[in-house]
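I have placed the structure first, in the form of structure tokens, so that the comments after it can refer back to it.
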Amino acid sequence: EHIYIGDNTFIRPGARIECVTEFAGKQYTPRLSIGSGVNIEQNLHMTCAESIEICDNVTISSNVLVTDINHSYKEINVSPLDQELETRNVRIDSYCLIGAGARIMPGVTLGKNVIVGANAVVTKSVPDYSIVAGVPAKIIKKYQIHCI
């Protein structure tokens, strides 16, 4: 009902792809879209309560987390697991490659042809044709596209 998967998309075993429609008494209307030609390796963990969009021809390596959810901690005397979720859209544009063990956090947009290094934690959006690595992820290389 909340998940769209395009043509020729391959998802290896162990994937947990979850849309959250209710949590801590609040209703959510998730939209999770995985484009065509996407390759997802083992043990993906993806949780969506608002919007995650993975465009065409993206490669996601093993043991990756993609989420648009953070647990709120506004009431310090209440467990975060009993508080409302904080959600922010995630978008992974075409031809991105996400390295093994990477984490794509809420509110992140990865531009076209972005490479995310293994075990990177991406907390901010990344422009087209960039390579990011580290915790938190930082741009380590950016390609310039020249038009003739």
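Everything numeric in this text was worked out from a predicted model, so none of it was measured.
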Could you tell me if the side chain of [Y] sits less than 4.5 Å from the side chain of [X], heavy atoms only?
| X | Y | result |
| --- | --- | --- |
| Thr67 | Met46 | no |
| Ile34 | Ile40 | yes |
| Thr123 | Pro136 | yes |
| Glu18 | Cys48 | no |
| Leu97 | Val114 | no |
| Ser36 | Asn8 | no |
| Asp93 | Ile54 | no |

Under a single-linkage definition using a 4.5 Å side-chain heavy-atom cutoff for Ile, Leu, Val, Met, Phe, Trp and Tyr, are [X] and [Y] assigned to the same hydrophobic cluster?
| X | Y | value |
| --- | --- | --- |
| Leu65 | Val108 | no |
| Met105 | Val135 | yes |
| Tyr129 | Val132 | no |
| Ile139 | Leu110 | yes |
| Ile17 | Ile104 | yes |

Margin query: Other residues, nucleotides and ligands only: do more than 12 of their heavy atoms fall within 6.0 Å of NZ on Lys124?
Written below: no
Margin query: Counting only heavy atoms from other residues, nucleotides and ligands, does the tally under 6.0 Å from OH of Tyr95 exceed 12?
Written below: no
So, taking the atom named [atom1] in [X] and the one named [atom2] in [Y], what distance separates them when rounded to the nearest 0.5 Å?
| X | Y | atom1 | atom2 | result |
| --- | --- | --- | --- | --- |
| Arg16 | His45 | CZ | NE2 | 3.5 Å |
| Asn119 | Arg103 | CG | CZ | 7.5 Å |
| Ile52 | Asp68 | CD1 | CG | 4.5 Å |
| Ser33 | Arg91 | OG | CZ | 9.5 Å |

Is the backbone of [Y] close enough, under 3.5 Å, to the side chain of [X] for a donor and an acceptor to pair up by distance?
| X | Y | value |
| --- | --- | --- |
| Lys74 | Gln83 | no |
| Glu84 | Lys26 | no |
| Asp56 | Gly37 | no |
| Asp128 | Lys112 | yes |
| His2 | Cys19 | no |
| Ser61 | Ile98 | yes |

Margin query: Under the criterion side chain to side chain contact (heavy atoms under 4.5 Å, CB included), I'd like the reasoning laid out for Leu85 against Tyr28: C-alpha separation, chi angles, the key distance, then a yes or no.
Written below: CA-CA 9 Å; Leu85 300 175; Tyr28 298 90; 3.3 Å; yes
Notebook entry, point to check: So, Glu41 and Ser62: side-chain donor and acceptor under 3.5 Å apart, yes or no?
Noted result: no
At their closest point, which heavy atom of [X] faces which heavy atom of [Y], and how far apart are they?
| X | Y | value |
| --- | --- | --- |
| Ala49 | Thr87 | CB-CG2, 3.7 Å |
| Val58 | Ser94 | CG2-CA, 4.3 Å |
| Ile69 | Val20 | CD1-CG2, 3.9 Å |
| Ile131 | Tyr143 | CD1-CE1, 4.0 Å |
| Glu50 | Arg88 | OE1-N, 3.9 Å |
| Gly111 | Cys96 | O-SG, 3.0 Å |

Check: side chain to side chain contact (heavy atoms under 4.5 Å, CB included) with Val122: which of Ile92, Val66, Thr109, Val116?
Finding: Val116
Notebook entry, point to check: Between Phe23 and His71, is the ring centre distance below 6.0 Å?
Noted result: yes
Next item on the list: Could you give me the CA-CA distance, side-chain angles and deciding distance for Ile60 and Leu44, then say whether side chain to side chain contact (heavy atoms under 4.5 Å, CB included) is met?
Entry: CA-CA 8 Å; Ile60 299 176; Leu44 170 74; 4.2 Å; yes
Notebook entry, point to check: When you look at Cys55 and Glu53, which way does the side chain to side chain contact (heavy atoms under 4.5 Å, CB included) test go after all the steps?
Noted result: CA-CA 6 Å; Cys55 296; Glu53 181 180 8; 3.9 Å; yes
